[in-house]
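In this text the structure is predicted, and so the values were computed from the model without any measurement.
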Amino acid sequence: MNQDWNTDEIIDHFTLLPSELEFLGKNIPHNHLGKALLLKFFQHEYRFPESMSEIPLDIIEYVAQQLDVSPKAIAQYDWGGTRMREHRVKIRQLMGFKSATITDQDDLRTWLMTEVLPHEYRPLHLEQLIYQRLRRLHIEPPTRKQISRLITSAIARFENEFFTTTNGRLSSPTRMKLRQLIYPVTEINEKVDQEEDEEVSPLNYPIHELKAGAGAPTVNNIKKVAARLKRLQEINLPPDLFADIPLPFLQQYKRQAAVESISHLRRRNKTERQRAQLYTMLAAFCWVRQREITDYLVDLFIRTLNNIRLRAKSRVEKQLVADYIKVGGKQQIFFRLIQAMWNHPTGVIEDVLYPIVGKDRLEALVEEAKHQGPYRQSVQTHISGSYTHHYRQMLPLLLEVLSFHSNNEQYKPLIEAMEIVAAYLTEKDAYYPEDQKVPMDDVIQKQRQSWIYQNDSKGQRRIRRVRYELCVLQSLREKLRCKEIWVGQANRYRNPDEDVPADFSDKRDEYYDALNLPQKGTEFVKTLKQLLTDSLQSLNDSLPTNPAVEILAKSGGWIKVTPLTKQKEPTNLRYLKNQIKQQWWMTSLLDIIKESDFRVGFTNSFQSLTGQQRLSQDELQKRLLLCLFGLGTNTGLTSVSMGDHGISYDNLKYIRRRFISKDAIRHAISQVVNATLDIKQANIWGENTTWCASDSKQFGSWNQNLRAQWHKRYRQAGVMVYWHVAKQSLCIYSQLKAPSSSEVASMIEGVMRHCTAMQVDRNYVDTHGQSEVAFAFCHLLGFQLMPRFKNLHEQKLCLPDKDMANNYPNLHLILQGAIDWDLILKQYDEMVKYATALRLGTAEAEAILKRFTKSNQQHPTYKALSELGRAIKTIFLCNDLMREEVRREIQEGLNVVENWNGANDFIYYGQQGEVTTNDVDAQEIAILSMHLLQSCLVYVNTLMVQEVLAEPKWYNRMTKEDWRGLTPLFYLHINPYGRFDLDMNSRLPLAA
């Protein structure tokens, strides 16, 4: 049961009704109170508490007060005794429930195996699903230990069937190729079936080569990645081997195969079950890895083409500047020519212009202009040169291992163009045959269609193959980015129809109810239209009396908003922090995470990725804390191993490889965040809020990977970390992204996937985190998007109908076209389908939102989302302009994120705060570890602040401004570096 209840919630859920008081009857105080607590607990949880500690003290006091008994009487209640069993029987009868029998547990196990697994396989989530099912069946749940055993049994039985079925579908040649992955290259043709325990250099094993990252976008890396993909394709896994198995379920076997040592993998050959498990693990590894590598290859192709374009633009611009500087008098020449033409409009060129400049110089300028050509054509020519002489060698590799498809008839010519390019790839003729029909429309941009033609040796105008290939690849790049063209056997670039729930039509009612949306589009449109009308009217009526907002006539309508006034500074917070600094002087950051784990137990989230654990839990806990400290501070495992804790670098490296994963750290973070929410005292921190703010921060990093990119603002290569931070610096989610990735997708991903107990109903962002499509999706998903517009003065408001412009005379300068409600109505079902996909996580938010970008404006659902977003954005702007408290709330929320960003440098101080790895998974684990450490700091600081403020002299000293500015994210009292020992009696072992 939730341990954090406010007064209103306790009254709503734990008030005894007259009929319930009659049911309780009369009894001695402790039995009377115990029976009442069992009744109200069962009504809320649909199970009985296993101990009194499950019931919060505030609830016990409230129920005791209603019964006019002392809350202390509950201590005499015999938990598990005869009287309690009698009470449980009567409550079950009252509620219409029965006890769970052996048959019921068998039915539950069967239900898990046939209907739940493998779509949900996480034990904690399976436990919640079991409780929900038993609630619907009116069956009292078994004990938690029984449910845990039931889940373990169901998973084991399902896995046995899964292993057997998968192994049976693999052909003998496929099993042989899978087995070759765990043998050195030198042994593959010799003794593949012979068992050996000796370890050879890891580089000799094919499976290690398949685990390597993509690297930077270069031709050499494209060759390497294409070779890996080709090897995976040659294994010839059946195309539908895991067709009905979700990718997250397969990823756990992929991780196990990736981290388990070669010798351990080889030993799985003693029994039939072990062999089936081995082949299933390797098949899952290859299945998942093939899709990841396909995505990598597409990313490399997209980034490489973009880099060619950027380098060409840079070269052309430098050349233009150099030419401009080289002909220093060019500007004066043009000025004098224009002046002469103006003064002598009827004069003869030879008489008027030649004497000023000179005929020879004019001819030189003309020749220079001809040589340089138009800017875009010059850039395209440079791109063509780079592609022809170097980058063209990647084309055969891409066409060999990638298959391109489209669900849109409009882009079938592009697929045909790719087929023609592939057919003539080995031809020596530089031109396509005259009788070859080459697709042009919907393939080559209009301004480039003339550029692809050249005169051959006979003077005939023909299509040059290299130029056509380049234009086709450029068009392919754009359509891959918006998923109008998709790639076979990919994940992020897969068929976009697979991104939405396949059972949407069958479960339409359920999905609409989950989003709390009306199933009739007319009802949705009617409600929204009325809200838009009311918002515009309210803003129009309030504008004359609002001194902070003014609509100016300049620039076609300009919104002028007076900046927020500065609030009073807190006066006592620095004294409070100094008191904490004195009371807990130079507390070690390692002690901070240790204390957090002792209280929260987040290291229990880290289970062996191989399913086997021989270390004691105490020893594992110690090593995990040291690993997480080394990763989260960026000091590394080598530095951490130098302490006096007796744990070597090899021990820490083993823990890092076998136990630390992204999912485990995320679960640990959610535990710490939930624990922080539980311990917060409302009289100090206020009631838990339902808002969060999100923003990104750049971290420098090594750049030989696909995630790191150069950023103009920071003048260095790096990655972006996108944070979701709630009130009092409680970070509920973090994501490591490329700088060019969508902040809108990151914002939605964080709100939907944070997995903490906090419910988010509004999210504050800056200008980059919003768009019209973002407003639409946030509304459909049930939370408000509230941005701080940097360009607020440029914003416009949309009309509900075309004929309503005169209804808002005070707003006429910033009004624009009316909303197309018919389009929203037509695409309502499709919009809800994509919103459901975002809610369920059937695909990454960024993969789904790729379809709805400006490069795909013709998509009907994109147009409808834009119209819906315009309406929601107008409603928000009206509210934002009318109410200063809304603008201040957004400002304060984004300040919380900035405060969180400021502490990153204190925690992640090693290697100058740079992410020093090219492994994208290791990058994410490092950032998540920093997130965990910073969350532990907030947790312990919360306890420290509450301990100090428990003293009346400190609590009564706090002012309104102090309460407003109070945050648990500070670190004056923290030592993040460790201890420094100096022994003056010891010397280095050097020769005298």
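Distance alone, capped at 3.5 Å, is enough to place a donor-acceptor pair between the Tyr121 side chain and the Pro248 backbone.
Ring geometry for Phe48 against Phe42 counts as tilted: the plane angle lies between 30° and 60°, on a 0 to 90° scale. Aromatic ring orientation, Phe249 versus Tyr253: perpendicular (interplanar angle above 60°, classes split at 30° and 60°).
Atom-to-atom distance recorded for Arg133:CZ and Asp107:CG is 8.0 Å, nearest 0.5 angstrom. Here OG1 of Thr166 is found 4.5 Å from CZ of Phe242. Values are rounded to the nearest 0.5 Å. With rounding to the nearest 0.5 angstrom, the CG atom of Leu933 is 9.5 Å from the CG atom of Leu631. Taken from CG in Leu237 to CG in Leu282, the straight-line distance is 10.0 Å, to the nearest 0.5 Å. Expressed to the nearest 0.5 Å, how far SG of Cys936 lies from CD1 of Ile592 amounts to 8.5 Å. With rounding to the nearest 0.5 Å, the separation of CD1 in Ile665 from CZ in Phe606 is 5.0 Å.
Across Leu932, Val938, Leu730, a single residue satisfies side chain to side chain contact (heavy atoms under 4.5 Å, CB included) together with Val673, and that is Leu730.
With sequence neighbours excluded, no residue forms a side-chain hydrogen bond (donor to acceptor under 3.5 Å, both in side chains) with Gln65. Residues meeting the side-chain hydrogen bond (donor to acceptor under 3.5 Å, both in side chains) test with Gln728, sequence neighbours left out: Lys680.
Both tests hold for Lys35 against Phe23: distance to the six-membered ring centre under 6.0 Å, angle to the ring axis within 45°. Cation-pi contact between Arg666 and Tyr733: present, with separation from the ring centre below 6.0 Å and deviation from the ring axis of at most 45°.
Glu595 is not listed as a side-chain neighbour of Leu943, based on a closest heavy-atom distance of 4.5 Å or more. Side-chain contact between Arg47 and Glu54: present, with at least one pair of heavy atoms (C-beta onward) separated by less than 4.5 Å. Taking the side chain as every heavy atom from C-beta outward, His667 and Ser670 approach each other to under 4.5 Å.
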Atom pairs and distances, donor-acceptor, side-chain atoms in residues 75-86, under 3.5 Å, two or more places apart:
residue	atom	partner	partner atom	Å
Tyr77	OH	His87	ND1	2.8
Thr82	OG1	Arg85	NH2	3.3
Arg83	NH1	Glu86	OE1	3.1
Arg85	NH1	Gly80	O	2.8

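For the pair Glu120 and Leu129, the tightest heavy-atom approach, listed with the atom from each and the gap, is CG-CD1, 4.0 Å.
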